[in-house]
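Each chain gets a letter, A, B and so on, in the order its sequence line appears, and its residues count up from 1. Computed from heavy atoms alone, side chains included, the values below leave out hydrogens, waters and symmetry copies.
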Amino acid sequence: MKLYNDLNRKKEDFVPVDPELVRIYSCGPTVYDFFHVGNARPFIIFDTLRRYLIYRGYKVKFVQNFTDIDDKIIRRANEEGTTSAELSERFIKEYYTDAKGLGIHKADVHPKATEVVPEIIEMIETLIEKGHAYASVGDVYYRTLSFPEYGKLSHQPIDDLMSGARVDVSEIKENPLDFALWKAAKPGEPAWESPWGPGRPGWHIECSAMAKKFLGDTIDIHGGGQDLIFPHHENEIAQSEGANGSEFARYWVHNGYLNIDNQKMSKSLGNFFTVRDASAAYGYDTIRFFMLSSHYRSQINYSRETLSQAKAGLERLKNCRANLVFLLDKSGEGGLCENEKAVMEKLEGCKADFIDAMDDDLNTADAISAIFEMARLLNAATMESPTKAFVESGLALFDELTGVLGILGEDAEDEDAAEIEALIAERQAARKAKDFAKSDAIRDKLTAMGILLEDTPQGPKWRRA
RNA sequence: GGCGCCAUAGCCAAGUGGUAAGGCAGCGGACUGCAAAUCCGCGAUUCUCCGGUUCAAAUCCGGAUGGCGCCUCCA
């Protein structure tokens with residue numbers, strides 16, 4: 001597999017340090033609110049990368065953190081008259097709700113920053129010992145100039161970074177580029193004891209500490225949004241490599257931005273959509289499908305039109321699968337006929353195309369086109385009395401590929417099935433009696449219940465919209 | 001000022017040297033009580049523009065125009 005590595009800005013063959021186990025760290029949410037559709041992109045992308053690596057036979061250890069202590073959380077908690085801990089717990093729960101809806105599997109470890117404070121302190125002490133950090137009035141800062149490779153991920157000469165850095169009027173920091181590892185507690189803020197007095201960890205250090213604790217000094221893939229390249233990931237490299245003395249992450253993979261109506265998402269423009277709200281409008285599955293319909297590194301545009309198009313496209317794949325499931329117990333026994341054998345070969349060709357696409361830097365857009373081709377072949381081949389053997393193997397292959405992308409979700413038991421089946425039977429009776437007014441009325445009623453009904457040569461077929 | 005990205009049919013979107021995937025929308029046909037779904041057929045002589053390299057370029061090089069991002073919290 002090839003992956004684009006931002007360290008050298010090239011597609012590289014992916015070779016994990018340990019051929020048996022791929023170690024991935026992906027930056028997770030700061031839990032002070034529902035996460036928005038922009039946040040959802042990396043979650044979906046790296047979930048898909050993880051699924052694909054597993055599909056290709058790797059074992060994967062996947063770590064995604066929760067930032068559960070920071071300025072925004074403290075501020076929001078104060079506004080709501082609650083504590084940081086309660087607020088972050090609440091939005092961690094909400095994260096899991098949306099993540100599950102989006103088909104994002106739970107990470108192997110979901111560490112919280114507040115759970116690794118001892119490891120963070122230990123790492124900061126190491127950095128101080130090695131001359132990479134210094135304490136200053138209860139804070140601790142990273143001495144950026146002590147790490148000569150600073151800027152190697154963002155490809156910025158350190159001089160340019162310095163000229164762009166905000167000049168700090170105070171003399172707390174030695175250099176404007178220095179960033180906080182430990183922040184002294186202000187009155188009323190949550191605080192942990194440390195050698196430098198009560199305080200809390202800076203944002204960047206938590207990821208370095210968690211990656212080290214759960215994945216070791218060198219990880220294979222570090223993921224996140226492009227906006228984290230600088231300063232967050234640059235700082236992680238400085239911290240981890242400064243403290244551990246070894247390479248931190250071998251492949252740095254970043255997803256592109258998500259724009260709203262061709263504009264950058266921003267609260268001042270009011271073009272902000274949470275996944276919770278977006279899912280109500282289009283469905284979680286549409287959001288995931290939409291994200292995977294373009295290459296992960298390109299910018300994508302979230303709009304009413306693009307989401308509606310994604311929903312319609314996904315519909316085609318859902319119909320294909322529903323048709324196969326419907327035919328499962330209605331198809332004839334016996335082995336594949338000659339024509340079906342030929343189609344199966346073409347389906348295998350689609351699978352090969354799918355793998356080629358995914359191997360090429362996770363080209364999910366191209367991979368999806370292979371699935372559409374597969375759908376066309378399956379639809380055409382099952383128009384009249386396919387064999388059960390064909391339907392079964394076709395469905396298995398279809399599920400295999402859509403499952404890697406996680407785009408069709410899992411079958412859910414329908415609690416209203418009995419009632420729906422009764423209505424459909426009633427409608428069939430009306431149709432048989434050529435009482436079309438009644439049969440159409442029943443179909444309208446089912447439509448209102450969110451049931452899509454189709455008449456087929458094998459009888460009526462229904463599924464949830 | 002520094003570092004980058006993008007420009008492909010009405011819309012979305014693959015394609016990094018060999019003669020333009022796929023999807024949505026639309027049109028025609030088949031099927032259907034009607035519908036839905038599905039199948040078949042139809043759309044870029046051409047990839048923003050201008051030069052160049054090459055037997056050959058959407059793909060490489062130079063330039064122009066337009067759009068965007070990072071360099072500050074941010075997925």
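At a threshold of 4.0 angstrom between heavy atoms, the contacts of A:F372 are confined to the sugar-phosphate backbone, with no base atom among them. At a threshold of 4.0 angstrom between heavy atoms, the contacts of A:G224 are confined to the sugar-phosphate backbone, with no base atom among them. At a threshold of 4.0 angstrom between heavy atoms, the contacts of A:N39 include nucleobase atoms, whether or not backbone atoms are also involved. Among the protein residues, A:K264 comes within range of the nucleic acid bases, having at least one heavy atom under 4.0 Å from a base atom.
A:R56 and A:Y52 share a donor-acceptor pair across their side chains, judged by distance under 3.5 Å alone. The closest side-chain donor-acceptor pair between A:T364 and A:D366, if any, does not fall under 3.5 angstrom. Residues A:R288 and A:T48 bring a donor and an acceptor atom of their side chains to less than 3.5 Å of each other. Looking at A:Q226 and A:N255, their side chains never bring a donor and an acceptor atom within 3.5 Å of each other. Donor-acceptor pairing under 3.5 Å is lacking for the side chains of A:D261 and A:Y302. For the 3.5 Å distance criterion, the side chains of A:Q64 and A:Y95 qualify, holding a donor opposite an acceptor. Between the side chains of A:T306 and A:N301, no donor-acceptor pair of N or O atoms lies under 3.5 Å.
Taking the centre of each ring, A:F14 and A:Y251 come in below the 6.0 Å mark. Checked against the 6.0 Å centroid criterion, the rings of A:H105 and A:F62 do not qualify as a close aromatic pair. Aromatic rings from A:F35 and A:F43 are positioned such that their centres are separated by under 6.0 Å. Ring centroids of A:H222 and A:Y25 are separated by less than 6.0 Å, placing the two rings close together.
As rounded to the nearest Å, B:G66 and B:A57 have P atoms that lie 28 Å from one another. Nucleotides B:C61 and B:U45 have their C1' atoms positioned 26 Å apart, rounded to a whole Å. Only the P atoms considered, B:A44 is 11 Å distant from B:G10, to the nearest whole Å. Spacing of C1' atoms, B:G15 relative to B:C47, comes out at 11 Å, to the nearest Å. For the P atoms, the distance from B:U48 to B:C6 is 13 Å, rounded to whole Å. Distance noted for atom C1' between B:C73 and B:G17: 44 Å (whole Å). To the nearest whole angstrom, the two P atoms, one in B:U59 and one in B:G18, are 12 Å apart. The same atom, P, is picked in B:C55 and in B:G69; the two are 42 Å apart, to the nearest Å.
Separating the CG atom of A:D227 from the P atom of B:G69 is a distance of 12 Å, rounded to the nearest angstrom. If you measure from atom NZ of A:K152 to atom C1' of B:C3, you get 18 Å, rounded to the nearest angstrom. For the pair A:D353 CG and B:G22 C1', the interatomic distance rounds to 11 Å; values are reported in whole Å. Going from atom CZ of A:R464 over to atom C1' of B:A37 covers 19 Å, rounded to whole Å. If you measure from atom NZ of A:K72 to atom C1' of B:A75, you get 11 Å, rounded to the nearest angstrom. Here the C1' atom of nucleotide B:C3 and the CG atom of A:D159 are 14 Å apart, to the nearest Å. The CD-C1' distance, from A:E373 to B:A21, rounds to 9 Å in whole Å. Across the protein-nucleic acid pair, A:Q156 atom CD and B:C3 atom C1' stand 5 Å apart, rounded to whole Å.
Sequence order on RNA chain B of the closest nucleotides to A:P42 and A:N259 puts A:N259 first from the 5' end. Each of A:L377 and A:L258 has a nearest nucleotide on RNA chain B; the 5'-most of these lies closest to A:L377.
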Return the polar atom pairs (N/O with N/O) between nucleotides 26-36 of chain B and the protein under 3.5 Å, or none.
unit_1: B:G33; atom_1: N7; unit_2: A:R431; atom_2: NH2; d: 3.2
unit_1: B:G33; atom_1: O6; unit_2: A:R427; atom_2: NH2; d: 3.3
unit_1: B:G33; atom_1: O6; unit_2: A:R431; atom_2: NE; d: 3.2
unit_1: B:G33; atom_1: N1; unit_2: A:D440; atom_2: OD1; d: 3.1
unit_1: B:G33; atom_1: N2; unit_2: A:D440; atom_2: OD2; d: 2.9
unit_1: B:C34; atom_1: O2; unit_2: A:R443; atom_2: NH2; d: 2.7
unit_1: B:C34; atom_1: N3; unit_2: A:R443; atom_2: NH1; d: 3.1
unit_1: B:C34; atom_1: N3; unit_2: A:R443; atom_2: NH2; d: 3.3
unit_1: B:C34; atom_1: N4; unit_2: A:D455; atom_2: OD2; d: 3.0
unit_1: B:A35; atom_1: N6; unit_2: A:D455; atom_2: O; d: 3.3
unit_1: B:A35; atom_1: N1; unit_2: A:D455; atom_2: N; d: 3.2
unit_1: B:A35; atom_1: N3; unit_2: A:R443; atom_2: NH1; d: 2.9

For nucleotides 11-17 of chain B, tabulate all protein N/O to nucleotide N/O atom pairs closer than 3.5 Å, reporting atom names and distance.
unit_1: B:C11; atom_1: O2'; unit_2: A:E305; atom_2: OE2; d: 3.4
unit_1: B:C11; atom_1: O2'; unit_2: A:Q309; atom_2: NE2; d: 3.1
unit_1: B:C11; atom_1: O2; unit_2: A:Q309; atom_2: OE1; d: 3.3
unit_1: B:C11; atom_1: O2; unit_2: A:Q309; atom_2: NE2; d: 3.1
unit_1: B:C12; atom_1: O4'; unit_2: A:Q309; atom_2: OE1; d: 3.2
unit_1: B:A14; atom_1: OP1; unit_2: A:H295; atom_2: N; d: 2.8
unit_1: B:A14; atom_1: O3'; unit_2: A:N363; atom_2: ND2; d: 2.9
unit_1: B:A14; atom_1: O2'; unit_2: A:D366; atom_2: OD1; d: 2.6
unit_1: B:A14; atom_1: O2'; unit_2: A:D366; atom_2: OD2; d: 2.9
unit_1: B:G15; atom_1: OP1; unit_2: A:N363; atom_2: ND2; d: 2.8

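Of the side-chain N and O atoms in A:R316, one or more sit less than 4.0 angstrom from OP1 or OP2 of B:U38.
Of all nucleotides listed (B:C39, B:G22, B:C3), B:C39 comes nearest to the side chain of A:R376.
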Q. Given the rule that a pair is Watson-Crick or G-U wobble with both distances under 3.5 Å, how would you write RNA chain B in dot-bracket, using | for pairs to a different strand?
A. ((((((((.[[[..)..(...]]].(((((.......))))).....[[[[[..)....]]]]])))))))....
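A parallel orientation is assigned to the rings of A:F179 and A:Y150, their planes being inclined by less than 30° (bins at 30° and 60°).
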**Q.** Criterion side-chain contact (heavy atoms from CB on, under 4.5 Å) on A:F289 and A:Y282, from CA distance to verdict
**A.** CA-CA 11 Å; A:F289 182 74; A:Y282 303 104; over 6 Å; no
